[in-house]
Amino acid sequence: MTQKSASVAETTAAKAAQRCILPECGAVYGIRERIYVCPKCGGPLEVDCHVSEIRDSGELRRKWESRGTSPEPRDISGVWRYRELLPFDESAAFVTLFEGNTPIYDAPRSATYCGLDALRLKHQGCNPTGSFKDTGMCVAVTQALVVGARTVVCASTGNTAASLAAYAARAGLQPAILLPRGQITAAKLAQSMDYGALVCEIDGNFDDCMRLIQELGENPSIYVANSINPFRIEGQKTVAFEMMSQCNWQVPDHVVVPGGNMGNSSALGKGFEELRALGLIDRLPKLSVIQAEGASPLARLFASLPPAKVSAEPSLPETLKFEEHPRTLATAIKIGAPVSWKKALRAVLRSGGKIISVSEQEIADAKAMIGRDGIGCEPASATTVAGIKKLVAAGHIRQGESVIAVLTGHVLKDPDYVSAYHRGTLALDGGKGAPAEPLRIAGAFRNAPQHVEPSKSAILKMLEQKR
Ligand code: F0G
């Protein structure tokens, strides 16, 4: 649905700019310029909405919260509700599928599993296409309309593709997606086909697709909607606003997210920093990012850094050693060359969080535990609970601290994985740069279907045994 917005003087586009995040460059560009990295130095760009110029943040907070009961589409959307901090003016034809408004659940079994008194899970899998990507995609596709693009493209491990396909279809633009052939779950691929995207399957991995996308973006009719695009990050930062509103503006001690291409962690970091600049929160939660062991270039870099003091302008390494052959069953985060690593690393260092990795076994068991809480998620999302367990054991998170993990995708995004885990057949095959023997995952919380005689007594006996 695209909507012409009402005549509310909430314009930020006139003031907003795009800026290179590297302190040694800091070049500034217009908000309508179709650029994805700094044309001067190649550094990452971010949108600057001049948050510090907003005078009355208390009034802003009341306005946001009053929109929760409004029937206006822009108010119903959990992203456009925060439009004062988004770089559009009132005439923008904004695109929405009523994204956001995702729940925060208490997860008592997962908490005990991690060694915590309590744990909350914010489930971004409850978005319209089943993943967190929707909060950024509604903004990126709106910007595609602003700059007059005809085609919106992305490289994807599946979720960005499904989200782009849906939002581009709503906006009347052509969706085109580049996927690593044979490495996308059937459910995600099915979504993209159903929303009418041109699906291009590439012999290569996600990182190869990403390189191609950056070349395609040079064409004037094509708009790139990967998280390298700073407008995607603007949408995704609103998750921090919604989270704080749901927490009655009480900052949790820790927020933990999975890490793949590193857009999500960059966006949450930016969101919390803007809330602090506005005075709506008085400190940042420690932001930690969890990668899968076989696709963990940033966790390896983080482990090699000298212990750093929390600082507003942390010094960032020049380069990241990429993982040439990423391997993990959490296909959503099977990424060896994350494009937003500098932004994510900056956000983590500014907040005092950590970047670590977890094994396939740890991901699989944590995922099953999230299921036992009646919540469920896709494998990549479960890196959070696996990572929290490790961070508690390491003393970085204390038992009584408040922790929110962000689940990024719905459990039905990868039913083959779930089924294989519970039937005891889950295994990570060899592949380039891997041992020939597959890695077998012995699920600690297996729950395979039982073959039972069709009689009441047999079923009651089975229930008794399983009690
Ligand atoms: N969780 C899920 C379910 C994802 O789909 C992704 C990324 C991530 C976590 C990692 O987030 O990239 O912002 O660090 N999926 C992308 C895609 C790469 O193409 O769908 P990130």
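Just follow the structure's listing: the first ligand is 1, and inside any ligand the first atom is 1.
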Working for side chain to side chain donor-acceptor pair (under 3.5 Å), residues Y167 and E99: CA-CA 11 Å; Y167 281 87; E99 49 291 321; 2.6 Å; yes
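Between T157 and ligand 1, at least one N/O pair is under 3.5 Å apart. Considering backbone and side-chain N/O of S381, none are found under 3.5 Å from N/O of ligand 1. The shortest N/O to N/O separation between E378 and ligand 1 does not fall below 3.5 Å. Remark: ligand 1 and G260 share an N or O pair separated by less than 3.5 Å (distance only, no angle test). At least one N or O atom of S156 sits closer than 3.5 Å to an N or O atom of ligand 1. On a distance-only criterion, N159 and ligand 1 share at least one N/O pair closer than 3.5 Å.
For atom 8 (C) of ligand 1, the closest heavy atom belonging to the protein is I333 CG2, 3.5 Å. For atom 6 (C) of ligand 1, the nearest non-hydrogen atom of the protein is F132 CE2, 3.7 Å. Taking atom 17 (C) of ligand 1 as the reference point, the nearest protein heavy-atom neighbour is T160 OG1, 2.9 Å. Scanning all protein heavy atoms for the shortest distance to atom 9 (C) of ligand 1 gives T408 OG1, 3.5 Å. Residue, atom and distance of the protein heavy atom nearest to atom 12 (O) of ligand 1 are N261 N, 2.7 Å.
Of the candidates K133, K413, Q124, it is K133 that places a heavy atom closest to atom 16 (C) of ligand 1.
In terms of heavy-atom proximity, A168 sits nearest to V152 at CB-CG2, 4.3 Å.
Note on ligand 1: G259 sits in its first shell, one or more heavy atoms being nearer than 4.0 Å. For V289, the heavy-atom gap to ligand 1 stays at 4.0 angstrom or more.
Residue contact check: I335 has heavy atoms under 4.0 Å from atoms 18 (C) of ligand 1. Residue G263 has at least one heavy-atom neighbour below 4.0 Å for each of these atoms of ligand 1: 13 (O), 14 (O), 21 (P).
Note: Q246 CD to T102 OG1 = 6.0 Å, rounded to the nearest 0.5 Å.
Contacts between V257 and ligand 1 below 4.0 angstrom, taking non-hydrogen atoms only, are absent altogether. At a heavy-atom cutoff of 4.0 Å, ligand 1 is contacted by both the backbone and the side chain of A332.
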